[in-house]
Amino acid sequence: LAKTTQPISMDSYEGQEVNITCSHNNIATNDYITWYQQFPSQGPRFIIQGYKTKVTNEVASLFIPADRKSSTLSLPRVSLSDTAVYYCLVGDIGNTGKLIFGQGTTLQVKP
Amino acid sequence: DTGVSQDPRHKITKRGQNVTFRCDPISEHNRLYWYRQTLGQGPEFLTYFQNEAQLEKSRLLSDRFSAERPKGSFSTLEIQRTEQGDSAMYLCASSPPGANEKLFFGSGTQLSVL
């Protein structure tokens, strides 16, 4: 399974755009890139998923370059409630049956 | 609310006791997963089921741990002879057919072994 590397922590202010980059140099052809968000005392929540180029939903955008060795989660105009841990995962769960979580990026949004 | 439900939310037990947790997945989801999470770490995969079949188990799942999913519906995770190192949040998740990377997690069971 591809290993991911992302910053341990990031700080931002309300109203700013936040970009969290994840490196996954050993990504395989069939692997998807998936991001989850986790608040304290809750289970992770699916945010967005992509395979290549750009994906956008009501919560975030995901940018994936052509070589797919990295990806960037973009959160527009963050608020205090976006303070959470963000996990980048890479895998083909259809084959392996499991997603491997790293330590994630703790995002602290300040007023 | 038809999300993933876990029971109990909190469990305090003494070392050496057995504990059992229950997970009710979203009804049409065929895959069910168990993860364990300790403070400051990401969730660690323990095991998963496709319908009633347990298809993969992590080596983290020692012989004191057993999971079942009778009839492919709810699942139970039992820990026998608990140790202090078992203290963690136990998370259950499910996913629908064809959307395997999109897991829906419950709120977890927080286990404290004294």
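Residue numbers begin at 1 in each chain, while the letters A, B, ... track the order of the sequences. What you see is a predicted model, and the numbers here were worked out from it, not measured in a lab.
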Quiz prompt | OH/A/Tyr13: more than 12 non-hydrogen atoms of other groups inside 6.0 Å | solution =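 No.
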
Practice problem: Please check if atom CD1 in B/Ile12 has more than 12 non-hydrogen atoms from other residues, nucleotides or ligands closer than 6.0 Å. | Solution: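 12 or below, so no.
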
Quiz item: Just how far is it from atom CZ of B/Phe105 to atom CD of A/Gln42, taken to the nearest 0.5 Å?
Solution: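 B/Phe105 CZ to A/Gln42 CD: 12.5 Å, rounded to 0.5 Å.
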
Quiz prompt | A/Ile47 side, atom CD1; B/Lys102 side, atom NZ - distance, nearest 0.5 Å | solution = 12.0 Å

Practice problem: May I ask you to test the A/Phe101-B/Phe45 pair for a side-chain heavy-atom distance under 4.5 Å? | Solution: no

Exercise. Kindly indicate whether the side chain of A/Pro44, heavy atoms from C-beta on, has any atom under 4.5 Å from the side chain of B/Pro43.
Key: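 Yes, close enough: below the 4.5 Å cut-off.
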
Self-check item: Within residues 68-82 of chain B or reaching into it, pairs that qualify as side-chain hydrogen bond (donor to acceptor under 3.5 Å, both in side chains) - sequence neighbours excluded
Solution: B/Trp34-B/Ser75

Linked, directly or transitively: [X] and [Y] (ILVMFWY side chains, under 4.5 Å):
| X | Y | value |
| --- | --- | --- |
| B/Phe74 | B/Tyr90 | no |
| A/Tyr32 | A/Tyr36 | no |
| A/Ile33 | A/Phe63 | no |

Exercise. Examine whether an atom of B/Leu91 lies under 4.5 Å from a heavy atom of chain A, and if so say whether it belongs to the side chain, the backbone or both; otherwise answer neither.
Key: side chain

Self-check item: Side chain, backbone, both or neither of B/Gln37 within contact of chain A (heavy atoms, under 4.5 Å)
Solution: side chain

Quiz item: Is it true that a side-chain atom of B/Tyr35 and a backbone atom of A/Gly43 form a donor plus acceptor pair closer than 3.5 Å?
Solution: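 No; judged by distance alone, with no hydrogens or angles, the pair does not exist.
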
